[in-house]
Amino acid sequence: MNIEARIVSKVQKALLELYDTDMASEKIQVQRTRKDFTGDFTVVVFPFLGFTKRPPEQTGEEIGQFLKEKVDEISDFNVIKGFLNLIIGNDFWLRFLNSMHQRGHIYDFALESGQGKIVVEYSSPNTNKPLHLGHIRNNLLGFSISRILEATGHEVKKVNLVNDRGIHICKSMLAWQKWGQGETPESKGVKGDHLVGDYYVLFDQEYKRQVAELTEKGYTREEAEKEAPLMKEARQMLHRWEQDDAQTVELWKKMNGWVLEGFEQTYQALGIDFDRVYYESQVYKLGKEQVQKGLEAGAFFTGKDGSVWADMADEALDQKLLLRSDGTSVYITQDIGTAIQRYQEFDFDQHIYVVGNEQKYHFQVLKILLGKLGYEWAENLHHLAYGMVELPEGKMKSREGTVVDADDLIDEMLQTAETMTRESGKVGDFSDAEKNRIYHSIGLGALKYFILKVDPKKNMTFDPKESVDFNGNTGPFIQYSYARINSLIQKAGERNISVPEQVKASTPINDKEIQLIKLIHQFPSFIQDAASEMNPAVIANFVYELAREFNQFYHEYSVLSAEDEQLVQLRMVLSIQVSRVIREAMWLLGIDLPERM
RNA sequence: GGUCCUGUAGCUCAGCUGGAUAGAGCAACGGCCUUCUAAGCCGUAGGUCCCAGGUUCGAAUCCUGGCAGGAUCACCA
């Protein structure tokens, strides 16, 4: 049990003994004492006044007195207005630090194993164009939240559902067939996903031209869009694909292969991976059967033209199409099928879908439909709906060419990292391989941190200028803090300063040191919060605060040349523990740390 | 029009299930490297927490109603 929980239970006891009142522990507020007051934890006494029948100051005094006598860790207290500030004795913090020092992972004690199995679906790209900034947010969130859930004792399965079929892929295929002249990623020297994306753009340009031509001839816009020869051809191609036409399938396999290879490179650069990859081409039919079953069971109904619908009037929603009149399935039908498949495969306790917030309605409906089919686990599906990434000049629009390409962005980050590092002149003696590793850590660290530090559900503005800034609340700031501690530890070794197994109980600790130990102490509860809110930003903000706090300490006090031996040992142990927490917090975010920078 | 999300310093964001004088970074200005990495540290300046009511001992936080921005309500995915 952590110290806060202990205080709550002791306050509860105090209320019972002093005022004969049994108060629920959730109603007792214990919080960190604000920096401008003395104390470590604060009990808010206002809620107790109803039954203590005493003014706030007196109530605080009485409870404070009780706690000081009955709780060893509490060495003193003070009362200001209705706030009872408790002071925890140094020996408690020292004991805590020592216990930390002997542990493996720090987040171990956030970890209660056997918390259940969770499937996290993320990334889910279409195979007709390369990844962009929006996908990066998705990938980073999915990957980080998976690690956070693992740290809280869940068994996590990371899955990707690649949308490798449909009309959009046919568009690229058609354009390549018409104008590609056998071009390949190798022959052209570009990544496969970019090559295919280029043909998608080509299709769109030509298609627009045809539509314009037709509207000039007197077609309405809608007619023109439908009748444009290119679109007709694309639809025919999709039809052929669905008929398993050998030539079409071969072309599809070839171009999908190019794209997937390109994606793989991007994933690798981002440092993310999956336990299982699904392809829509293989699972898109799964839902039909389920819908048929539901139809037979009376959960759904048939329209006049043979299409199948669900009525969601009970949920105050409209009707939803599940199968088209020609019997083919729509998007939601597929998701019904894959959800059931995954439940059978993994027997999950929860399933998280990391998908943009524009699909909120979709997932709301998905849960309802699975409920109608009688699956109680439908309520264990969660949609982690993240906001869109906007640019300072507004939304990213592929049509206007304002999308930020993932690979370009990564390159730019690496370039900047290299330039900045060169200018600092700190890695002169490194091998090229080492230097590249460092540029990669820093460049990607900056990008990842920039994106993960904001609350997922909010839309965020991505300012390229700001993202490339390595000062302030950034990934490199934290990496730098870490590298400095690391160097400290190296130096200690060179100077034959040994790190003790235990810090001596009598060692005096100053406020800054206590502040740092307190932060470390809170790490597990931040992990819990991040997990329950599905929000990596909680971790990001925490580790930033820790790094900032440490930098202040580092600036103000000397570790290796502290006044006496005991202090050197305390500060060494403290520094090591801080670096461990930074490392583990950054690991939860999926951000690498260079040992030197 | 219905539903959902967001609105905090010039800009980008924190602010936990209501708690003390609302916090960081960037940008601006001024300091600190003969001392463990200055990608750092310190200071100055900057606020009608969108508006109006309500609940409460207490509201940036909860409720209601506005306003502004965004998303969504396809036989698209």
Side-chain angles (χ1 to χ4, degrees), chain A residues 26 29 31-37 42 44-47 49-50 56 80-83 85 124 126 163 165-168 280 303 305 307-309 316-318 320-326 328-332 334-335 356-362 364-365 385 387-388 390 392 395 417 420-421 423-424 426 442 446 450 453-455 457-463 465-467 469-474 476-481 483-492 495 525-526 529 532-533 537-538 540-541 544-545 547-548 551-552 554-562 571 575 596-597:
Chain A
E26 307 87 65
Q29 298 178 54
Q31 52 204 243
R32 293 162 68 187
T33 302
R34 292 176 57 116
K35 276 184 189 152
D36 20 338
F37 296 91
T42 296
V44 185
V45 304
F46 292 108
L49 302 183
I80 297 169
K81 296 199 281 183
F83 300 92
N85 300 318
S124 310
N126 291 349
N163 183 9
R165 55 155 235 121
I167 189 77
H168 43 287
E280 274 199 12
D305 56 2
S307 52
V308 179
W309 298 77
L317 292 173
D318 225 334
K320 180 77 188 174
L321 179 88
L322 300 176
L323 291 177
R324 297 190 186 96
S325 47
D326 64 4
T328 56
S329 60
V330 293
Y331 181 43
I332 194 121
Q334 300 174 36
D335 266 342
N357 63 10
E358 72 273 14
Q359 296 198 33
K360 274 191 131 164
Y361 178 73
H362 173 79
Q364 190 189 350
V365 170
M388 55 187 4
E390 290 165 8
K395 284 189 207 170
M420 298 287 286
T421 307
E423 279 172 11
S424 79
K426 287 177 180 171
I442 297 175
F450 188 86
K453 77 175 172 186
V454 342
D455 186 341
K457 70 170 180 286
K458 289 188 176 174
N459 287 356
M460 64 172 289
T461 308
F462 184 86
D463 186 341
K465 277 206 296 285
E466 203 184 321
S467 72
D469 190 344
F470 291 175
N471 302 314
N473 186 359
T474 64
F477 170 88
I478 295 159
Q479 292 172 319
Y480 175 74
S481 311
R484 247 184 0 183
I485 300 175
N486 208 54
S487 148
L488 199 61
I489 296 167
Q490 297 289 324
K491 283 252 158 59
R495 297 187 193 178
S525 71
F526 277 101
D529 289 352
S532 60
E533 292 170 32
V538 170
N541 289 312
Y544 172 63
E545 192 185 344
R548 200 159 46 90
N551 285 341
Q552 288 169 10
Y554 180 92
H555 182 259
E556 201 169 337
Y557 302 99
S558 178
V559 176
L560 301 179
S561 324
R571 290 178 186 169
S575 300
R596 281 212 275 169
M597 66 184 274

Handout entry: Span that lies between the P atom of B:U55 and that of B:A60, in whole angstrom
Key = 16 Å
Practice task
Tell me, please, which residues at least two apart from A:Asn486 pass side-chain contact (heavy atoms from CB on, under 4.5 Å).
Solution key: A:Tyr482, A:Gln490, A:Glu595
Handout entry: Side chain of A:Asn551 (C-beta onward), nearest among B:A39, B:G40, B:A24
Key = B:G40
Practice task
Please identify each residue that fulfils salt bridge (charged side-chain N to carboxylate O under 4.0 Å, His left out) with A:Lys457, with sequence neighbours left out.
Solution key: A:Asp455
Handout entry: Between B:C26 and B:C42 - P atom distance, rounded Å
Key = 11 Å
Practice task
Using a heavy-atom cut-off of under 4.0 Å over every strand shown, decide if A:Thr42 touches base, sugar-phosphate, or nothing.
Solution key: base
Problem - Gap between atoms CZ and P, on A:Arg32 and B:A22 respectively (whole Å) - result: 18 Å
Exercise for the section: Could you tell me whether A:Asn85 contacts a base, only the sugar-phosphate backbone, or nothing, with contacts defined as non-hydrogen atoms closer than 4.0 Å? Expected result: base
Exercise for the section: Decide, applying a 5.5 Å centre-distance limit and a 30° plane-angle limit (both strict), whether A:Phe37 stacks on B:A20. Expected result: yes
Practice task
Using salt bridge (charged side-chain N to carboxylate O under 4.0 Å, His left out) as the criterion, list what pairs up with A:Glu533, not counting sequence neighbours.
Solution key: none
Exercise for the section: Could you give the distance separating B:G30 and B:G69 at their C1' atoms, to the nearest angstrom? Expected result: 39 Å
Using a cutoff of under 3.5 Å, can you pull out all pairs of nitrogen or oxygen atoms linking the protein to nucleotides 5-12 of chain B, with atom names and distances?
residue	atom	partner	partner atom	Å
B:G7	OP1	A:Lys458	NZ	3.3

Practice task
Using only heavy-atom distances, determine whether the side chains of A:Asp463 and A:Thr461 contain a donor-acceptor pair under 3.5 Å.
Solution key: no
Handout entry: Nearest-nucleotide pick for A:Tyr480, side chain only, options being B:C73, B:G70, B:U37
Key = B:U37
Exercise for the section: Looking at every strand, decide which applies to A:Ala483 at a 4.0 Å heavy-atom threshold: base, sugar-phosphate, or nothing. Expected result: base
Exercise for the section: Could you check whether A:Ile442 gets within reach of a base, just the sugar-phosphate, or nothing at all, counting any heavy atom under 4.0 Å? Expected result: base
Could I get a table of every N or O pair under 3.5 Å where one atom is in the protein and the other is in nucleotides 17-19 of chain B?
residue	atom	partner	partner atom	Å
B:G19	N7	A:Gln29	OE1	3.1
B:G19	N7	A:Gln29	NE2	3.0

Practice task
Using a heavy-atom cut-off of under 4.0 Å over every strand shown, decide if A:Asp36 touches base, sugar-phosphate, or nothing.
Solution key: base
Handout entry: Where protein sits on nucleotides 27-33 of chain B, one letter per nucleotide: B base, S sugar-phosphate only, - none, heavy atoms under 4.0 Å
Key = -------
Fill in the blank from the handout: Nearest-nucleotide check on RNA chain B, A:Phe526 vs A:Ile167; residue mapping nearer the 5' end is A:Phe526
